[in-house]
Amino acid sequence: MRFSRGFLPTLKEAPAEAEVVSHKLMVRSGMIRRLAAGVYTLLPLGVRVQRKVEQILREELNRADAQEVFLPALNPAELWRKTGRWEVYGKELIRLKDRHERDFCLGPTHEEVITDLVAREVRSYRDLPLNLYQIQTKFRDEIRPRFGVMRGREFTMKDGYSFDRDEAGAEQSYEEMVQAYTRIFQRCGLKFSAVEADSGAIGGSFSHEFMVMADTGEEAITVCDSCGYAANVEKSPVSLKLPENEGGELKKVHTPGAHSIEEVAEFFSLPPYRMVKTLLYIADDEPVAAMIPGHRELNEVKLKNALDAVDIELADAETVEKLTNSEVGFAGPVGLSDVRLVADYTIENSEGLIVGANQTDYHYTGAREGRDFTAGIFADLTVAQEGDACPKCEARLSIRRGIEVGHVFKLGCKYSESLDATYQDENGETHTIVMGCYGIGVGRTVAAAIEQNHDEDGIIWPTPIAPYHVDIIPVRVDDETMQVCDHIYDSLETAGLDVALDDRDERPGVKFKDADLIGFPYKAVIGPRGLKEGKIEIKSRRTGETQLVAISESVTFLENLVSEEMKFDS
RNA sequence: CGGGGCGUAGCGCAGCCUGGUAGCGCGCCUGCUUCGGGAGCAGGAGGUCGGAGGUUCAAAUCCUCUCGCCCCGACCA
């Protein structure tokens, strides 16, 4: 690629809308431009990087015996109605009607379409196992798109699905995909970890997220440095051991103005864990009171799972006042009628608790679960915190941040059942196919790579996903210099490297700055200083090291550098 | 959807409070001098001030409505 013919609009300043580094650098380096909120155009540089990631995906998935398909983005509603997700998916699903007023949606994921396909085509155990994937544009009308390509409403995703005859086979497919994903992210030059996760709206029994470690990540992860356990905080189990309280009688106490746990704790001069935090939620249109120890935060994902609810939402002030007959801040389980009670397991049979009295400015002391109130469900309901015990080895957990670039699920039979995907075994008996599903956000992976690989001058691409391996920079644009440049350019291309030549009639400083911003792993600087001795300079973007190399040897030299960095064995 | 903020030249911003000529830096075009880390000088192009209504002799500026964008929360690759 010659710069004089390229479309590389670089910017000195980042647009005001960009918040995180990857977004700023992708815009500044000319990889992307915004068309609407969460909708981006990929410019040539962006396309090149994305294609490189896609190529790695294909190589590793094909190696794992998965095959590529291409499913329609435009999906008929009937399929989604069969699985119930037409209703469940909510506003995130982009719905539209055709000219005959028939309902369609734009696929946010493709379990329905792929399962329908497999249900139609697969009959026999001989057809299994089967693993199919695609790289496709997905549509999700996110409530809040943000961080550029990191959370878009239209984005490129690799989604794959495995089909097995039984649980054991599904487990093996799952393992194979974990292996493939590990190789993929290693090859992309990312520092990541596979983390236990909640399976969310996709459904299913078990899942791992692939998290790229970055301080700007949207996800919090609990990590155990002593045994290697890692989980999304949403999922991370909490096993609290609270000191036993003294029992006693239920007593109503006037606590004027004490709304928050802190205020109540101060009023009684007792530690916050003696209080019970009662939060009112609306779970699938039904009011629910969730109780947790006062010093902790409620984990909504855990609550949703404990209730087996489709949707939960914190009740608004008006609802709270109606349910508790008091101002917000005095909700408690005692005497709360027509509301389901769910409690953290620490509250079961616990006594000496301080709870809201459902009366403005009053609390109960000495409350006891099972005597003064009875919760219907007990579960782990709190958010894991720094210093909590590791569920595997009891060591202290720390909290890190990460970007979710991939997610693998064991789906079980959720979709195969509703779409009737079955096979016949050796004995002619019919069984339901067991599924797994596996996603990688392609653009997100690119953005995550930038979050992890940049400095104040710009991007520092890991060589395997760099748009070009080498940027040839003539210091002067005269015949003599350009002749050498052209020669090296042609030779490198012949050698199979991806090479750029900055043949613009610009001052060297401009070219250096652009090269650093775009993040080419190597610059080949060709100027009078070196040419006097028949040499050129090769500078590494990552280390900043410069080496003088004879023109005649430069091609082999660069070839070796690049192929060394492309190498991957495991 | 709830809370906060912003829309003025391609990009970054000032001007608005206190109505009266639309301005700065970068980028872009021309010429000359330069040329090893975003050059200097001179000249130039580019704006229905997001849109619609209103107040006024007069609106970027005041009022109303509307559209778009960004940040914090629920969603997720």
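Chain letters run A, B, ... following the sequence lines, proteins first and then strands; every chain starts at 1.
With respect to the salt-bridge test (charged N to carboxylate O, under 4.0 angstrom), the residues A:R153 and A:D141 qualify. Ion pairing between a basic and an acidic side chain is recognised when a charged N comes within 4.0 Å of a carboxylate O; A:R296 and A:D344 show no such pairing.
Among residues two or more places apart in sequence or in another chain, the salt bridge (charged side-chain N to carboxylate O under 4.0 Å, His left out) test is passed with A:E218 by A:R146, A:R151. In this structure, the side-chain contact (heavy atoms from CB on, under 4.5 Å) partners of A:R187, at least two apart in sequence or on a different chain, are A:I56, A:E59, A:E60, A:F568. Among residues two or more places apart in sequence or in another chain, the side-chain contact (heavy atoms from CB on, under 4.5 Å) test is passed with A:N299 by A:V301, A:K302, A:V383. A:R48 pairs by the salt bridge (charged side-chain N to carboxylate O under 4.0 Å, His left out) definition with A:D498, not counting sequence neighbours. Listed by chain and residue number, A:Y522, A:I538, A:F557, A:L558 satisfy the side-chain contact (heavy atoms from CB on, under 4.5 Å) test with A:L561 (two or more places apart in sequence, or in another chain). Remark: A:T115 engages no residue in a side-chain hydrogen bond (donor to acceptor under 3.5 Å, both in side chains) (not counting sequence neighbours).
Applying side-chain contact (heavy atoms from CB on, under 4.5 Å) to A:F192 and the options A:M211, A:Q186, A:E209 leaves one that passes, A:Q186.
A heavy atom closer than 4.0 Å to some atom of RNA chain B occurs in no member of residues 279-286 of chain A. Using a 4.0 Å cut-off on heavy atoms, the residues of residues 464-481 of chain A that approach RNA chain B are A:V475, A:R476, listed by number.
Note that the CD1 atom of A:I518 and the CE atom of A:M31 stand 10.0 Å from one another [nearest 0.5 Å].
Between the CG atom of A:L531 and the P atom of B:rC35 there is a distance of 17 Å, given to the nearest Å. Remark: C1' of B:rC76 and CZ of A:F147 are 13 Å apart, rounded to the nearest angstrom.
For the salt bridge (charged side-chain N to carboxylate O under 4.0 Å, His left out) condition, the pairs that include at least one residue of residues 473-488 of chain A, sequence neighbours left out, are A:R2-A:D486. The stretch residues 4-14 of chain A participates, sequence neighbours left out, in these side chain to side chain donor-acceptor pair (under 3.5 Å) pairs: A:S4-A:D503, A:T10-A:D514.
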Between N or O atoms, less than 3.5 Å apart, protein on one side and nucleotides 27-29 of chain B on the other: list the pairs.
{"residue": "B:rG27", "atom": "OP1", "partner": "A:K12", "partner atom": "NZ", "Å": "3.4"}

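Judged by distance alone with a 3.5 Å cut-off, a donor-acceptor contact links the side chain of A:R151 to the base of B:rC75. For A:R444 against B:rC76, a side-chain N or O and a base N or O form a donor-acceptor pair under 3.5 Å. Taking 3.5 Å as the limit, the base of B:rC76 and the side chain of A:R140 contain no donor-acceptor pair of atoms between them. Between the base of B:rC70 and the side chain of A:E19 there is no donor-acceptor pair shorter than 3.5 Å.
With both pairing distances under 3.5 Å, B:rC17 is matched to nothing as a Watson-Crick or G-U wobble pair.
When the P atom is compared between B:rU66 and B:rG3, the two are found 15 Å apart, to the nearest whole Å.
A donor-acceptor distance shorter than 3.5 angstrom exists from the side chain of A:R542 to the backbone of A:I460, with no hydrogens or angles considered.
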Under 4.0 Å protein heavy-atom contacts per nucleotide of nucleotides 9-14 of chain B, with B for base, S for backbone only and - for none: --BSS-
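Base engagement by A:V510 is indicated by at least one non-hydrogen atom pair under 4.0 Å involving a base atom. A:D514 comes within 4.0 angstrom of a base, heavy atoms only.
Nucleotides of RNA chain B nearest to A:E234 and A:E537 differ in position, and the one nearer the 5' end is that of A:E537.
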